[in-house]
Amino acid sequence: MKKILFIIIFVLSFSSSSVAMAMSVSMYSVKEVNVGESFKVLLSLDSDETPINSVDIVVEFNPELLTFVGFRDNDTLVKTWIEKPEAEGDKINMKGIIPGGVSGVYDSNNKNLKEIPIVNLLFKAKNKGNAEFIFNKSNILKNDGLGTSLYPTQNKLNIIIKGNSLADKTTIPDEFLIDEKEFDENPPLPFVISFVEASSLSQTGDMIVFYTTDAESGIKEYRIKNKSDWDVVSSPLIISKNILPKDVVIRAYDNHDNFTEASITIKGRIGWNLIVYVLIFVILSSILVRKLLK
Amino acid sequence: MINIFFKKIINSFLLILFLFPFHVLHAVDIVDSDDVIVSARVIDPNVVVTPIPVESPAGAVNLFLPKIGVTFKGEAYPNATIFLLKNAQQILSVVAGTDGFFNMSLEEKYEDTVLYTIYAQDVLGNRSLLVNYPVAVYSGYITELSNIRFAPTIVTDKSEVAYGDYLTISGYAMPNRALSLSIAGGTVYNYSLTSALDGSYKLTIPLVGYAKGEYVVSVKYLNDTRLSKFLKFLVGDSNKKNDLDSLSIPGDCNKDNIINLIDFSILAFWYKKTNPPLCVDTNNDKIVDLIDFSILAYYWTD
């Protein structure tokens, strides 16, 4: 009987070690904050080394206790957003891709791949209480050329928000601090604006496409020059051709308001060459007519 | 007596196995997914270094030792150009040797998780799929990623093949390697071939027995998991040659044979809109949703 028991336990030891780790999404952040403090929540995916390239995630939070103030993707892996993280009531929706896909993070301190950091969500503590973050939805797509859906298990996060007396001052770890690189003096990387002409294949209008990154604090927004103002825009941007060529200037701002500027000249419906030829023709014609009249 | 003795030996053995941490019995495996090896070398902190990223000729060996750095080593195709992107921005390129091997290094300024992307372009200008390496970079270390491999490049001579006619598939791989070519439609057809000494391969297949319809062709090294691009072709009523403008990559609406931000932007324009054009609806389900973007992300080349 004892022998049988030992054999069963021995076999179970093998089984438990050979079962693959399940795919899971998790959130990581501070355990406690004070009212008025801002912090990051890291969304992370353990894909069990399955290559993935798309995420469709909805996170629920308590808007009575917290204010969602934005996101950072400068040190995470999803940077190409179909829908950037945005709050609607108590839900933050986001959809994005990782071109080429990833299976995890290579780390020389670990034998296995580390979890995939998806995005950092930024919050400000508003009122005291127990703030719970849960995944309302987490659809992950495999990098297999087919868009196969994977449904990972979902892990919750709880943060205690305390009063803001000096005695209760908490220290937020660096990894969850916002603007941990205090002096971001470097602008975003240089970029180009691409003009995509309307085509019968794509059936889009004329549009411009632009993209860049910022290593220190991440890209906050893009703005287009509109006379003396700068209007917030996003890529792709539908643009109409004028009769004459026009210059389009776009600035990419990082979260410390450093910016990099790029410009493109959009061809007009009538090119400058044609205008010059017409002018020359008109002038020569006028001269000729005058001579004839004399 | 002897039976009791053996029983005690067996029981003791089973007890030890139960108590002994099981994971120690596994051989230590330092190889990560896709057999890429990640190792760290500690540099001499007394050395003063001047980081100089080098765009090197064939058989590149970088000669600098920065305080934080990453090195990439692997195999592509003979004389291929290997491009390195950091967070989607191209920063470095090297040319592989005549044997297909390459080596490049990069200095970093911060400890961080950085997304490196590499792709190879063969001597005819055809590109591999992107390979991403998100790497945790540490101060005082050079993180070396070796054993990087690209699937062979692939092109076809026709986008449509007349019923019973021939299709030629070609590309580049490492020299003298066994390849496995697959054509999938309703049935999967597999072919074996070997690349030449210059890394080129070419196979002309009579499509006898191939029913009319759409097929997808891909190639890989024998016993390797990494697949090339999937190229579509039709078996129909007439031959239509492939030219540089039409390699039938899903989502390539502007037909430049590159999947990049421009193609993404075209898809983004049609996101959630009705009646999208065929070229953006990569899975032909009449809507542009995350699945179409995922397919596009798979084929991303730049």
Side-chain angles (χ1 to χ4, degrees), chain A residues 2-3 6-7 9-10 13-14 16-17 49 51 53-54 56 74-77 79-80 82 95 97-109 111-114 116-117 139 141-147 149 181 189 194 196 199 201-205 207 209 211-213 215 235-236 238, chain B residues 7 10-11 14-15 17-18 22-23 26 28-30 32-34 36 38-40 87-89 109-110 112-113 115 117 129-136 138 141 143 145 230 250 253-255 261-262 264-266 268-271 277 279-280 283 290-300:
Chain A
K2 276 187 193 174
K3 220 189 309 182
F6 276 128
I7 291 169
I9 292 167
F10 180 71
S13 303
F14 270 100
S16 63
S17 300
E49 301 193 6
N53 66 19
S54 306
D56 175 8
N74 53 311
D75 56 358
T76 51
L77 298 187
K79 298 176 192 295
T80 307
I82 302 156
K95 288 188 177 75
I97 64 170
I98 304 173
V102 291
S103 304
V105 173
Y106 292 89
D107 187 338
S108 51
N109 288 337
K111 292 190 179 70
N112 298 316
L113 294 178
K114 277 173 54 175
I116 299 166
N139 185 13
L141 301 193
K142 207 171 163 184
N143 186 45
D144 60 359
L146 302 170
S149 284
K181 293 189 177 79
L189 289 176
S194 301
V196 182
S199 82
L201 273 175
S202 62
Q203 296 179 35
T204 62
M207 56 186 186
V209 171
Y211 175 83
T212 187
T213 56
S235 177
I238 300 295
Chain B
K7 277 183 188 174
I10 290 166
N11 287 342
L14 289 174
L15 181 64
L17 279 179
F18 169 66
F22 184 77
H23 69 270
H26 285 294
V28 173
D29 187 0
I30 63 170
D32 294 292
S33 72
D34 295 327
V36 170
V38 180
S39 58
N87 294 330
Q89 303 274 349
K109 289 183 187 167
Y110 308 107
D112 216 341
T113 297
L115 179 62
T117 304
L129 290 172
L130 299 183
V131 182
N132 285 325
Y133 294 105
V135 179
Y138 295 104
Y141 288 84
T143 302
L145 279 77
F230 293 145
C253 280
N254 59 351
K255 295 294 178 191
L261 204 59
I262 292 175
F264 173 85
S265 299
I266 295 171
F269 175 85
W270 282 101
Y271 180 56
C279 68
V280 299
N283 64 342
L290 193 66
I291 296 175
D292 299 286
F293 284 99
S294 175
I295 294 169
L296 195 80
Y298 178 83
Y299 287 98
W300 204 279

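Below, all heavy atoms of this structure are taken into account, side chains as well, without hydrogens, waters or symmetry copies.
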Asker: Measure across B:Ala136 and A:Val105 and return the closest heavy-atom pair with its distance rounded to 0.1 Å.
Answerer: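 Taking B:Ala136 first and A:Val105 second, the nearest heavy atoms are N-CG1, 3.7 Å.
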Asker: Let's test your reading of the structure: which of A:Ser235, A:Gly145, A:Gly101 forms the most heavy-atom pairs below 4.5 Å with chain B?
Answerer: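 Among A:Ser235, A:Gly145, A:Gly101, the one with the most close pairs to chain B is A:Gly145.
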Asker: Sort B:Phe293 into side chain, backbone, both or neither according to what part of it lies under 4.5 angstrom from a heavy atom of chain A.
Answerer: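 For B:Phe293, heavy atoms of backbone and side chain both lie under 4.5 Å from chain A.
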Asker: Could you list the residues that satisfy side chain to side chain contact (heavy atoms under 4.5 Å, CB included) with A:Pro51, not counting sequence neighbours?
Answerer: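 Testing A:Pro51 for side chain to side chain contact (heavy atoms under 4.5 Å, CB included), a comparison that skips the adjacent residues, returns A:Ser103, A:Asn143.
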Asker: Considering only heavy atoms, which portion of A:Thr213 lies under 4.5 Å from any heavy atom of chain B: side chain, backbone, both, or neither?
Answerer: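 Backbone plus side chain of A:Thr213, per the 4.5 Å heavy-atom cut-off to chain B.
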Asker: Under the side chain to side chain contact (heavy atoms under 4.5 Å, CB included) rule, what do B:Trp300 and A:Ile97 come out as? Steps first, then yes or no, please.
Answerer: CA-CA 11 Å; B:Trp300 204 279; A:Ile97 64 170; 3.9 Å; yes
Asker: Taking the side chain from A:Asn53 and the backbone from B:Ser294, do they hold a donor-acceptor pair closer than 3.5 Å?
Answerer: yes
Asker: Heavy-atom distances under 4.5 Å only: say whether A:Thr212 touches chain B with side chain, backbone, both or neither.
Answerer: both
Asker: Checking heavy atoms, do the side chain of A:Ile116, its backbone, both or neither come under 4.5 Å from chain B?
Answerer: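 A:Ile116 has no heavy atom closer than 4.5 Å to chain B.
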Asker: For A:Lys142, which residues count as a side chain to side chain donor-acceptor pair (under 3.5 Å) partner, sequence neighbours excluded?
Answerer: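 With sequence neighbours excluded, A:Lys142 shows a side chain to side chain donor-acceptor pair (under 3.5 Å) to no residue whatsoever.
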Asker: Per the side-chain contact (heavy atoms from CB on, under 4.5 Å) rule, which among A:Leu146, A:Leu141, A:Asp56 passes with B:Ile291?
Answerer: A:Leu141
Asker: Which heavy-atom pair separates A:Pro99 from B:Leu130 by the least distance, and what is that distance?
Answerer: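 That closest heavy-atom pairing would be O-CD1, 4.1 Å.
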Asker: By a 4.5 Å heavy-atom criterion (distance strictly below it), what part of A:Leu189 contacts chain B: side chain, backbone, both, or neither?
Answerer: side chain
Asker: Most heavy-atom pairs under 4.5 angstrom with chain A, which of B:Asn132, B:Val131, B:Asn283?
Answerer: B:Asn132
Asker: Is the side chain of A:Asp75 donor-acceptor paired with the backbone N or O of B:Thr113 at a distance under 3.5 Å, no angle test?
Answerer: no
Asker: Can you give me the closest heavy-atom contact between B:Leu115 and A:Val102, atom names plus distance?
Answerer: CD1-CG1, 4.1 Å
Asker: Quick one: which of B:Leu129, B:Thr117, B:Ile262 has the most heavy-atom pairs under 4.5 Å with chain A, could you say?
Answerer: B:Ile262
Asker: Please report the closest heavy-atom contact between B:Ile295 and A:Gly147, naming both atoms and the distance.
Answerer: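 Heavy-atom minimum between the residues: CG1-N, 4.1 Å.
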Asker: Could you tell me which non-hydrogen atom of A:Tyr211 sits nearest to which non-hydrogen atom of B:Gln89, and how far apart they are?
Answerer: O-NE2, 4.1 Å
Asker: So for B:Leu290, is it side chain, backbone, both, or neither that comes closer than 4.5 Å to the heavy atoms of chain A?
Answerer: both
Asker: Heavy-atom pairs under 4.5 Å with chain B: which of A:Thr76, A:Asp144, A:Ile238 has the most?
Answerer: A:Asp144
